[in-house]
There are 2 protein chains.
Amino acid sequence: MVKIVDISLDSSLKDTKCQTLADDVFMQLRTAIVKGDIASGSKINEPQLANSYGISRGPLREAIRRLEGCKLVEIRPNAGARVVSLNKSQVLEIYEIRESLEGLACRLAADRSTPESCTALRELLARQEQQMQSASWQQSYQHEGDVDFHYLIVRLSENQRLFELLCGELYYLLKLCRARTSAQPSRHERAFREHYQIVDAIEGKDGELAELLMRRHIANARSTLLSQHQPQNGDISQEQL
Amino acid sequence: MVKIVDISLDSSLKDTKCQTLADDVFMQLRTAIVKGDIASGSKINEPQLANSYGISRGPLREAIRRLEGCKLVEIRPNAGARVVSLNKSQVLEIYEIRESLEGLACRLAADRSTPESCTALRELLARQEQQMQSASWQQSYQHEGDVDFHYLIVRLSENQRLFELLCGELYYLLKLCRARTSAQPSRHERAFREHYQIVDAIEGKDGELAELLMRRHIANARSTLLSQHQPQNGDISQEQL
DNA sequence: TTTGGTAAAATTGTTGACAAATTAAGCCGT
DNA sequence: ACGGCTTAATTTGTCAACAATTTTACCAAA
């Protein structure tokens with residue numbers, strides 16, 4: 001697999017120092033949640049988890065409070081924390097927000113585009129195309145490529161708070177959803193074409209068009225996700241109410 | 001002062017149960033921060049604060065972690081937490097996000113408007129006008145009215161996550177800014193006219209127009225805020241870096 | 001069998017004490 | 001007097017034990 005230098009933007013999020021146990025276990029738990037290793041709606045048992053990670057309950061509770069800040073768990077007083085379980089309408093709400101914010105990010109990225117940033121985008125597209133042409137491309141890779149594309153756009157917006165909001169909070173929620181629902185392979189080629197159009201608009205410094213295309217791109221993704229019914233999660237979210 | 005029934009939407013945020021010390025002190029600290037009782041950029045001393053609130057450091061640390069989730073404090077490992085201090089460009093970033101999200105909220109509110117919601121909006125406008133006509137209207141009241149208007153719009157969008165994002169996170173950051181910078185009185189009449197136009201668009205179920213007007217309304221507020229230089233905060237934020 | 005209450009177990013909330021790291025103070029040499 | 005080092009004090013991070021609440025298990029009565 002081709003590894004382009006620092007287009008993978010995870011570094012800016014992953015290098016949160018593991019100096020403190022609370023932050024360390026926070027990241028481990030976040031990974032476990034978005035990967036689906038901890039089921040949606042499942043209760044978080046403090047003594048059990050603390051024992052599992054070999055730490056005390058103090059740092060663990062702080063980690064859980066940080067997860068609550070990312071909206072990945074819900075805490076009820078004297079009843080503990082549960083991993084969030086999103087039903088279809090809640091995912092729709094997130095997509096509405098995402099459509100608006102990534103449209104903004106895309107417009108800003110277009111307004112502030114430079115030859116260097118466009119080169120980085122083109123390289124990412126090339127990498128994406130290469131993945132699609134390879135016979136044994138797995139869905140996870142495609143998803144990673146898609147995520148990287150959106151990460152890069154948001155970073156090129158040069159709005160730090162927007163970056164934190166999308167890449168530090170909303171994207172983890174979407175990862176959580178994606179880990180539960182199966183991807184629709186037919187959408188990949190279409191998504192690639194849309195990415196290509198978006199980069200063209202950014203390179204042309206056409207902010208309005210870039211925003212429009214990104215919004216439509218996300219609206220398309222939402223429609224695809226909406227058309228397929230997710231059997232397992234909708235019910236679980238009802239149970240916990 | 002006239003008190004209309006439950007147009008004040010704070011209840012949905014304030015009634016977070018004070019059953020646990022951590023949540024209680026979290027809300028107290030949040031109020032103290034946004035009101036300016038704790039200075040921007042100032043360090044948070046755990047033993048001192050814990051003693052001040054008469055609690056132990058455990059719950060206090062959890063409260064601080066929740067404040068970090070709201071982006072009201074910044075925590076650095078082994079160095080403690082500091083109240084955020086936003087310079088002008090950071091406030092601008094927030095306004096960009098706000099313009100996008102409240103535009104979305106306004107469009108949704110228009111699409112889903114009912115006679116009842118429009119009545120509530122009209123009552124709020126009447127209250128606002130009454131405040132403006134009264135001779136001794138103070139800036140704080142006007143700000144409260146303005147905040148209530150935006151709260152109501154966001155709630156009428158019926159997007160729960162959007163509500164939490166704006167009213168549970170971003171608005172507190174803006175309150176923090178407003179507490180530091182002096183309001184510009186000349187803008188109030190203009191803001192009221194803009195509110196009126198927005199309600200008209202919502203009542204007419206014209207989502208596109210409502211979104212446009214709200215975006216312009218916030219862009220105007222941003223321009224006003226941008227034109228006045230804030231003397232004290234810009235430097236403080238430099239110090240802490 | 002079901003229902004209700006009671007007691008036991010488990011879990012969450014809270015506390016104070018200890019360890020590690022950072023910051024401040026003091027000292028010495030130049 | 002100034003800079004750098006050592007040491008002391010403060011502060012943060014972590015832990016284990018205690019208190020309070022909730023959940024579960026159990027038994028008796030209808």
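In what follows, every chain begins at residue 1, and chains take the letters A, B, ... in the order their sequences are listed.
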- Scan nucleotides 5-19 of chain C nucleotide by nucleotide, 5' to 3', and note B when protein non-hydrogen atoms come under 4.0 Å of the base, S if they reach only the sugar-phosphate, - if neither. ------SBBBBB---
- Identify, with sequence neighbours excluded, every residue that meets side chain to side chain donor-acceptor pair (under 3.5 Å) alongside A/S89. A/N87
- State which residues pass side chain to side chain donor-acceptor pair (under 3.5 Å) with B/Y95; sequence neighbours excluded, sorted by chain then number. none
- Note on the structure: Sequence neighbours excluded, the answer for side-chain contact (heavy atoms from CB on, under 4.5 Å) partners of A/E62 is A/A22, B/R61, B/R65
- Query: Excluding sequence neighbours, so at least two apart, what forms side-chain contact (heavy atoms from CB on, under 4.5 Å) with B/S113?
  - Reply: B/S117, B/C118, B/I202, B/K205
- Boundaries of the chain B footprint along DNA chain D (any atom under 4.0 Å from a heavy atom): D/dT11 to D/dT14
- Message: Under the side chain to side chain donor-acceptor pair (under 3.5 Å) definition, can you give me all pairs with a residue in residues 49-58 of chain B, not counting sequence neighbours?
- Response: B/E46-B/R57
- Query: By ring-ring contact (aromatic ring centres under 6.0 Å, His included), which residues pair with A/F149, not counting sequence neighbours?
  - Reply: A/H195
- Task: Sequence neighbours left out, what passes salt bridge (charged side-chain N to carboxylate O under 4.0 Å, His left out) with A/R107? Give chain and number order.
- Result: A/E211
